[in-house]
Participant: 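My structure is below; once you've seen it, I'll send some questions.
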Number of protein chains: 2
Amino acid sequence: MLDDIRPRSHPVTADGQLPPERTEIRIWLRLLSCTTQIEKIIKSKLRQEFATSLARFDVLAQLDRFPDGLSMSEVSRHLMVSNGAITGLVDKLESSGLVVREDHAQDRRTVVVRLTEQGRSQFRRMARRHEEWIVSLVGDLSREAQSELLRDLTLLKRSLVME
Amino acid sequence: MLDDIRPRSHPVTADGQLPPERTEIRIWLRLLSCTTQIEKIIKSKLRQEFATSLARFDVLAQLDRFPDGLSMSEVSRHLMVSNGAITGLVDKLESSGLVVREDHAQDRRTVVVRLTEQGRSQFRRMARRHEEWIVSLVGDLSREAQSELLRDLTLLKRSLVME
DNA sequence: TATTGTTATACTCTATAACTATA
DNA sequence: TATAGTTATAGAGTATAACAATA
């Protein structure tokens with residue numbers, strides 16, 4: 001997706017040649033293309049096999065890392081998604097029985113969200129499949145390309161944080 | 001975003017250590033994290049500076065590459081987005097005066113979408129800014145890291161197409 | 001006052017299916 | 001029949017702002 005997009009500041013030349021693109025732009029377009037394609041596949045499989053969405057999967061993944069639960073605001077910060085959006089996601093997960101809302105011991109404003117037993121085992125099933133999908137999508141790259149890619153993406157991510 | 005998500009098949013160990021993650025998963029999480037973050041910034045800037053969206057920008061970018069215009073279905077195929085979605089996007093662009101729908105000379109079912117003069121110059125302005133944003137986001141990487149990254153993403157993209 | 005969470009509202013983008021006009 | 005495009009519908013995710021309860 002978006003594969004062919006080449007935003008440019010110069011018109012197509014008379015012979016139909018496209019002007020050269022800056023490396024940064026080409027990186028971004030490939031990044032977007034790969035991510036969108038993989039994301040589409042993962043979303044579709046999550047929907048087919050587990051009748052869920054990537055956003056809900058992400059919430060479960062966070063909660064799996066914190067057995068004691070997280071407050072709504074903490075989930076919001078971890079996922080970098082607005083407070084109101086988290087309320088909606090947790091509503092759905094709660095009505096599926098995958099998470100519970102509990103009172104906070106000290107602060108009565110705070111709601112603690114935790115995985116239920118069912119939620120944990122369901123998430124584990126999803127995570128196993130998720131790993132299989134990703135390995136089959138990314139695993140064709142050589143080991144060298146993989147470690148290079150991981151290293152460069154880590155650098156990129158770090159430089160984004162600096163902004 | 002989604003930075004901290006580590007779907008796993010094993011629980012957090014007693015000492016709080018997270019189990020090692022497969023390289024493929026780590027690549028995917030960084031890919032998703034970087035892309036989401038850049039995308040968020042680009043969307044926000046497109047909205048602020050040009051009161052438009054990434055999807056509409058993508059349509060304009062396609063049309064800029066084809067001065068003679070594209071049929072609705074061709075736009076749909078290029079962007080890998082459904083026909084119905086394209087109708088809505090082109091509706092908005094048309095009412096802003098950036099594109100026009102024209103009859104096809106031979107096939108009376110077909111609608112040809114083209115940039116207007118205003119659409120072309122507006123897109124060029126947007127593309128220039130877009131390039132600046134991307135360069136400032138990705139440009140901190142060394143030249144070596146950039147060409148490695150571009151090469152590896154190209155490999156990844158190619159291997160995705162194979163699927 | 002500031003923070004937590006919910007609610008209401010509104011806006012994206014998207015896919016699907018039904019429908020028309022034409023090939 | 002098959003294709004091109006539109007429309008209607010539905011659903012996903014998101015942000016914002018107003019609000020209640022609590023700190």
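Naming: A, B, ... by sequence-line order, numbering from 1 per chain. Source: prediction; values computed, not measured.
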Participant: Which residue, B:G84 or A:Q106, contacts DNA chain D at a nucleotide closer to its 5' end, judged by nearest heavy atom?
Facilitator: B:G84
Participant: Checking A:H130 against B:W28 for the side chain to side chain contact (heavy atoms under 4.5 Å, CB included) test, could you report, in this order, the C-alpha distance in whole Å, the side-chain angles of both residues, the deciding distance, and whether it holds?
Facilitator: CA-CA 11 Å; A:H130 177 265; B:W28 166 237; 3.7 Å; yes
Participant: From CG of A:L46 over to C1' of D:dA12, roughly how many Å is that when rounded to an integer?
Facilitator: 13 Å
Participant: Looking at D:dT14, I'd like to know if its phosphate oxygens (OP1 or OP2) sit under 4.0 Å from a side-chain N or O belonging to B:K43.
Facilitator: no
Participant: Base, sugar-phosphate, or nothing for B:T87, non-hydrogen atoms under 4.0 angstrom?
Facilitator: base
Participant: Measuring from the side chain of B:L89 (C-beta onward, heavy atoms only), which nucleotide among C:dC13, D:dG5, D:dG13 has the closest atom?
Facilitator: C:dC13
Participant: Select base, sugar-phosphate, or nothing to describe what B:S73 touches, counting heavy atoms under 4.0 Å on all strands.
Facilitator: sugar-phosphate
Participant: Would B:F57 and B:F50 count as a close aromatic pair, with their ring centres under 6.0 Å?
Facilitator: no
Participant: Pick base, sugar-phosphate or nothing for B:S82, based on heavy-atom distances below 4.0 Å to the nucleic acid.
Facilitator: base
Participant: Looking for any heavy atom pair under 4.0 Å, which part of the strands does A:R56 touch: base, sugar-phosphate only, or nothing?
Facilitator: sugar-phosphate
Participant: Report the nucleotide, chosen from D:dG13, C:dA23, D:dG5, that has the shortest atom-to-atom distance to any side-chain atom of B:R109.
Facilitator: C:dA23
Participant: Among C:dT14, D:dG5, D:dT7, which nucleotide has an atom closest to any side-chain atom of B:D91?
Facilitator: D:dT7
Participant: Side-chain donor-acceptor pair under 3.5 Å between B:S44 and B:Q48, yes or no?
Facilitator: yes
Participant: When all nucleic acid strands are considered with a 4.0 Å heavy-atom cut-off, which category describes A:R101: base, sugar-phosphate, or nothing?
Facilitator: sugar-phosphate
Participant: In whole angstrom, give the distance that lies between atom CG of B:D58 and atom P of C:dC13.
Facilitator: 10 Å
Participant: Tell me which nucleotide among C:dT6, D:dG5, C:dA15 gets nearest to the side chain of A:V111.
Facilitator: C:dT6
Participant: Go through the side-chain N and O atoms of A:R47 and A:S53 and say whether any donor and acceptor fall under 3.5 Å apart.
Facilitator: no
Participant: Side chain of B:K40: nearest nucleotide among D:dA12, D:dG5, D:dA15?
Facilitator: D:dA15
Participant: To the nearest Å, how far apart are B:H104 NE2 and D:dG5 P?
Facilitator: 10 Å
Participant: Closest approach to the side chain of B:D107, judged atom by atom: which nucleotide of D:dA15, C:dT22, C:dG5 is it?
Facilitator: C:dT22
Participant: A:K92 has an atom NZ; how far is it from atom P of D:dG11, in whole Å?
Facilitator: 11 Å
Participant: To the nearest angstrom, how far is B:N83 atom CG from C:dT20 atom P?
Facilitator: 17 Å
Participant: Given atom CG of A:L54 and atom P of D:dG13, what is their separation to the nearest angstrom?
Facilitator: 9 Å
Participant: Quick one: are B:I38 and A:L160 in side-chain contact, heavy atoms under 4.5 Å?
Facilitator: yes
Participant: Would you tell me whether A:R125 and A:Q122 have side-chain atoms, one donor and one acceptor, within less than 3.5 Å of each other?
Facilitator: yes
Participant: What is the distance, to the nearest angstrom, from the CD atom on A:Q48 to the C1' atom on C:dT16?
Facilitator: 15 Å
Participant: Could you tell me how far apart B:R77 (CZ) and D:dG5 (C1') are, to the nearest whole angstrom?
Facilitator: 12 Å
Participant: Categorize B:E74 for me: base, sugar-phosphate, or nothing, with a 4.0 angstrom heavy-atom threshold over every strand shown.
Facilitator: nothing
